[in-house]
Every structure is written in structure tokens, then in C-alpha cells.
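I have placed the structure first, in the form of C-alpha cells, so that the comments after it can refer back to it.
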Amino acid sequence: QVQLVESGGGLVQAGTSLRLSCAASGRTFSGYAMGWFRQAPGKEREFAAAITWTTGSTYYADNVKGRFTISRDNAKNTVFLQMNSLKPEDTAVYYCAATTAYWNRSYYYRVENYHYWGQGTQVTVSS
């Protein structure tokens with residue numbers, strides 16, 4: 001049974017940083033990709049970043065590119081999202097998700113392409 005457990009959320013001030021973690025278990029993730037999505041109140045869940053487990057290829061949404069960095073620790077089956085220069089509009093519940101790796105980058109942007117999801121962690125950025 002696949003489990004994804006997020007941690008690291010919290011309340012921070014604008015301009016500061018936060019690092020989220022996602023611990024994955026329950027299967028071998030070789031050939032998979034891990035994504036971070038976020039959902040603000042009253043809005044749809046949106047893609048933030050993704051990384052392929054085997055090659056480490058990364059993908060970012062335009063509104064986080066240059067501020068967020070996704071990485072993974074294969075030995076610990078853990079994916080990270082380093083978030084710098086946080087803005088109030090980054091406030092959301094952040095979700096970790098897993099999908100099979102695919103050649104087309106746009107595949108990773110779609111919620112429906114992910115098979116497994118974590119419970120989410122709240123990030124609140126005050127102005």
C-alpha cells in the first residue's frame with residue numbers, strides 16, 4: 001500500500017523560506033515521478049513542481065519557477081520542496097503525489113494523472 005506523508009508546513013512571513021518533505025513508502029518508486037500540488041481556499045488544485053525519481057528531471061509551474069526547488073533523496077525515499085521568497089499568494093494546502101514517469105512534460109501538470117496522494121500540509125504566508 002503506497003503511503004505519502006507530507007511534513008514541514010507552517011505559518012511564515014512573506015519573504016522567508018520553508019522546506020516541505022514527502023516520505024514515500026509501500027512500493028519501489030523507480031520509474032515514477034513525484035509532484036507537489038497546492039490548493040488555496042476556493043480554488044482548484046494546481047501544479048507546483050515535479051521530479052522524476054530515476055533521472056531527477058525537474059518541472060516547475062511558471063509562478064514558482066526561480067523560487068521553489070524540488071529535490072529527492074533516493075536512499076530515504078523522500079522528496080523535498082524548498083520554497084524561498086514566499087508570498088502571501090503561496091498560502092495553500094500543499095500535497096505530495098506520485099505518478100508513473102512520462103516523456104511529455106505537460107503530463108505532470110495535470111491532477112488526474114497522479115495515482116497516489118498524501119494528506120497535505122498547510123502553508124500560510126503572512127504579509
Side-chain angles (χ1 to χ4, degrees):
Q1 180 179 350
V2 173
Q3 275 197 315
L4 304 177
V5 180
E6 303 96 335
S7 61
L11 170 63
V12 297
Q13 289 192 327
T16 62
S17 300
L18 206 57
R19 189 175 84 153
L20 306 182
S21 300
C22 172
S25 62
R27 65 161 295 134
T28 300
F29 288 94
S30 173
Y32 268 64
M34 305 297 290
W36 284 100
F37 285 76
R38 64 187 188 180
Q39 187 166 19
K43 294 189 176 181
E44 292 188 353
R45 195 169 297 190
E46 66 171 9
F47 171 77
I51 186 168
T52 57
W53 206 269
T54 303
T55 66
S57 299
T58 57
Y59 308 89
Y60 296 96
D62 287 343
N63 57 359
V64 306
K65 197 175 296 183
R67 298 188 299 122
F68 290 12
T69 302
I70 189 170
S71 61
R72 86 257 191 252
D73 183 332
N74 287 22
K76 296 183 179 179
N77 264 14
T78 302
V79 177
F80 305 99
L81 187 67
Q82 178 67 41
M83 306 185 294
N84 298 330
S85 303
L86 283 163
K87 305 175 181 180
E89 51 264 44
D90 294 318
T91 294
V93 177
Y94 282 70
Y95 297 90
C96 175
T99 182
T100 49
Y102 197 64
W103 63 272
N104 189 334
R105 66 188 300 127
S106 63
Y107 175 86
Y108 298 116
Y109 302 162
R110 302 179 68 87
V111 170
E112 59 267 31
N113 290 337
Y114 287 76
H115 317 307
Y116 306 104
W117 291 86
Q119 297 283 62
T121 184
Q122 176 71 47
V123 172
T124 303
V125 184
S126 64
S127 57

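This one's a predicted model, so the numbers in the text were calculated from it and none came from an experiment.
Among all heavy-atom pairs drawn from W36 and L81, the shortest one is NE1-CB, 3.6 Å. Taking each heavy atom of S17 and V12 in turn, the nearest pair found is O-CG1, 4.4 Å. The heavy-atom pair separating A92 from Q122 by the smallest distance is O-NE2, 3.5 Å. Between T78 and W53 the shortest heavy-atom distance is N-CH2, 3.9 Å. In plain terms, the two heavy atoms of L4 and C22 that are nearest each other are CB-SG, 4.0 Å. For L18 against G10, the heavy-atom pair with the smallest separation is CD2-N, 3.9 Å.
To the nearest 0.5 Å, atom CD of residue Q82 and atom OG of residue S21 are 9.5 Å apart. Separation of atoms NZ (K87) and OG (S127) is listed at 14.0 Å; rounding is to 0.5 Å. Summarising the geometry, atom CZ belonging to R38 is positioned 8.5 Å from atom NZ belonging to K43; distances are rounded to the nearest 0.5 Å.
Transitive grouping of hydrophobic side chains (ILVMFWY, heavy atoms separated by less than 4.5 Å) keeps Y108 and M34 in distinct clusters. In the hydrophobic clustering of this structure, Y116 groups with Y94; members are Ile, Leu, Val, Met, Phe, Trp, Tyr whose side-chain heavy atoms approach within less than 4.5 Å, directly or through other members.
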Could you please spell out the steps behind the side-chain contact (heavy atoms from CB on, under 4.5 Å) verdict for Y102 and N113? CA-CA 10 Å; Y102 197 64; N113 290 337; over 6 Å; no
Can you list the steps and then say if E44 with V111 is a side-chain contact (heavy atoms from CB on, under 4.5 Å)? CA-CA 10 Å; E44 292 188 353; V111 170; over 6 Å; no
Applying side-chain contact (heavy atoms from CB on, under 4.5 Å) to D90 and M83, what does each step give before you reach the verdict? CA-CA 9 Å; D90 294 318; M83 306 185 294; over 6 Å; no
Assess the residue pair V64 and F47 against the criterion (side-chain contact (heavy atoms from CB on, under 4.5 Å)); give the C-alpha distance rounded to whole Å, side-chain angles, the decisive distance to 0.1 Å, and a yes or no. CA-CA 10 Å; V64 306; F47 171 77; over 6 Å; no
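In terms of modelled atom types and a separation under 3.5 Å, the side chain of E6 and the main chain of Q119 share a donor-acceptor contact. For the pair T121 (side chain) and S7 (backbone), a donor-acceptor distance under 3.5 Å is absent. Judged by distance alone, the side chain of S57 and the main-chain N or O of T52 form no donor-acceptor pair under 3.5 Å. Remark: the backbone N or O of T91 is not paired with any side-chain donor or acceptor of T124 at under 3.5 angstrom. Listed for the Y60 side chain is no donor-acceptor partner under 3.5 Å among the backbone atoms of R67.
Side chains of T28 and S30: no donor on one and acceptor on the other come within 3.5 Å.
You'll find the ring centres of F37 and Y114 inside the 6.0 Å limit.
Surrounding CZ of R27 are more than 12 heavy atoms belonging to other residues, nucleotides or ligands, all under 6.0 Å away. Counting non-hydrogen atoms of other residues, nucleotides and ligands closer than 6.0 Å to CD of E112 gives a total above 12.
Salt-bridge check for D62 with K65: passed, with a basic side-chain N closer than 4.0 Å to an acidic carboxylate O.
The aromatic rings of Y95 and W117 stand perpendicular to each other, their planes meeting at an angle above 60°, with 30° marking the opposite boundary. In this pair, H115 and Y32 present their aromatic rings perpendicular. The plane angle is above 60°, beyond the 30 to 60° band.
Residues F68 and T58 fail the side-chain proximity criterion, which asks for heavy atoms closer than 4.5 Å. Here the side chains of E46 and N63 are in contact, with some heavy-atom distance below 4.5 Å.
The side-chain tip of R19 points at the ring of F80 from less than 6.0 angstrom away and within 45° of straight on.
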